[in-house]
Amino acid sequence: SNVIQIRGLGEDDDGTWINNMFDEPADWLPLPPTEGTEWSGTITMGDTVRILYEAEIALREDVYPGYGLLDLSPRFEKTRRFMASDRQPPGTYVFPDCAVTVLDFTMQMDVEGEWTTFQAGTDSTWYCSGVGMIHRHSIGEEYGDDPDDWDEMIYLDWWWTGQD
């Protein structure tokens with residue numbers, strides 16, 4: 001079986017890029033992507049950080065940039081389908097055969113022998129055959145002394161079609 005794996009996470013810390021590498025690569029997307037496929041696991045970064053996750057390929061669809069993507073939240077109804085009238089007119093860009101994955105995660109750190117959650121959230125990602133990731137929507141919450149919520153989107157569908 002083939003699978004796309006992820007080796008780590010990167011973050012910007014006041015203009016300095018930091019790579020946080022996992023101890024072992026994690027399965028990110030089974031290939032070929034089949035609607036309804038579920039997987040889960042635990043990712044570790046040393047002895048002090050772990051990420052618990054559950055993922056599902058929730059939907060397969062053709063994607064028309066700018067139509068439908070903005071209407072889906074990370075916890076969208078898995079049975080939602082868009083009608084042809086919701087799409088761009090014929091002759092415009094389309095990404096055929098895309099898989100929408102929904103991944104729920106909890107990041108924990110070892111604080112004096114107890115696993116303590118410091119971040120949790122949901123990532124919804126659109127992967128299209130022959131192209132790769134075209135869109136990502138991530139929401140979540142940070143815990144601790146300075147709790148914060150986040151909601152960010154990455155629109156590669158516009159970039160791929162030259163509309164950005």
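Hydrogens, waters and symmetry mates play no part in the numbers below; they use all other heavy atoms, side chains included.
Listed by first and then second residue, the disulfide bond (SG atoms under 2.5 Å apart) pairs that reach into residues 115-148 are C98-C128, sequence neighbours excluded. Here disulfide bond (SG atoms under 2.5 Å apart) pairs that include residues 28-58, with residues two or more places apart or in two chains, number zero.
Side-chain contact between I134 and Y127: absent, with no pair of heavy atoms (C-beta onward) separated by less than 4.5 Å. Contact annotation: the side chain of L31 approaches that of I4 to within less than 4.5 Å [non-hydrogen atoms, C-beta and beyond].
Under the 6.0 Å distance and 45° angle rule, R50 counts as a cation-pi partner of W115.
Heavy atoms only, all atoms of each residue included: T122 and F105 are closest at N-CE2, 3.9 Å. The shortest heavy-atom contact between P96 and D62 is CA-OD1, 3.3 Å. Annotation for P25 and Q5: closest pair CB-OE1, 3.6 Å, computed over non-hydrogen atoms. Smallest separation of non-hydrogen atoms from D27 and W39: O-NE1, 3.3 Å. Here the shortest heavy-atom pairing between L103 and A55 reads CD1-CB, 3.9 Å. Here the closest heavy-atom approach between residue L52 and residue T42 is recorded as CD2-OG1, 3.4 Å.
Evaluation of the side-chain hydrogen bond (donor to acceptor under 3.5 Å, both in side chains) rule for E141 yields no partner, not counting sequence neighbours. Here D97 pairs with R60 under the salt bridge (charged side-chain N to carboxylate O under 4.0 Å, His left out) rule; sequence neighbours left out. For E24, there are no side-chain contact (heavy atoms from CB on, under 4.5 Å) partners two or more places apart in sequence or in a different chain. Listed by chain and number, the residues in a side-chain hydrogen bond (donor to acceptor under 3.5 Å, both in side chains) with T37 amount to none (sequence neighbours excluded). Every residue two or more places apart in sequence or in another chain that forms a side-chain hydrogen bond (donor to acceptor under 3.5 Å, both in side chains) with T117 is listed here: Q108. The side-chain contact (heavy atoms from CB on, under 4.5 Å) test applied to N20 returns E11, I18, M45, not counting sequence neighbours. Under the rule for a side-chain contact (heavy atoms from CB on, under 4.5 Å), the partners of M21 that lie at least two apart in sequence or sit in another chain are R7, N19. With sequence neighbours left out, the side-chain contact (heavy atoms from CB on, under 4.5 Å) criterion links I6 to L9, F22, A26, W28.
Under the 4.5 Å side-chain heavy-atom criterion for grouping Ile, Leu, Val, Met, Phe, Trp and Tyr, Y143 is not connected to V111 through any hydrophobic cluster.
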Show which side-chain atoms of residues 145-153 pair as donor or acceptor with protein atoms under 3.5 Å away, not counting sequence neighbours.
unit_1, atom_1, unit_2, atom_2, d
W150, NE1, S138, OG, 3.2
D151, OD1, H137, NE2, 2.7

* Asked: Going through the checks in order, is the side-chain contact (heavy atoms from CB on, under 4.5 Å) test met by L29 and T101?
  -> CA-CA 8 Å; L29 179 66; T101 63; 3.4 Å; yes

* To do: Using the side-chain contact (heavy atoms from CB on, under 4.5 Å) rule, take I43 and Y53 through it: C-alpha gap first, then chi angles, then the decisive distance, then the call.
  => CA-CA 8 Å; I43 299 167; Y53 68 93; 3.7 Å; yes

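Atom-to-atom distance recorded for W126:CH2 and R136:CZ is 11.0 Å, nearest 0.5 angstrom. A distance of 10.0 Å separates OG1 in T106 from CD1 in I51, rounded to the nearest 0.5 Å.
Of the possible polar contacts, one joining the D23 side chain to the G46 backbone as a donor-acceptor pair under 3.5 Å is found.
When only modelled atom types and interatomic distance are considered, D110 and T48 share no side-chain donor-acceptor pair under 3.5 Å.
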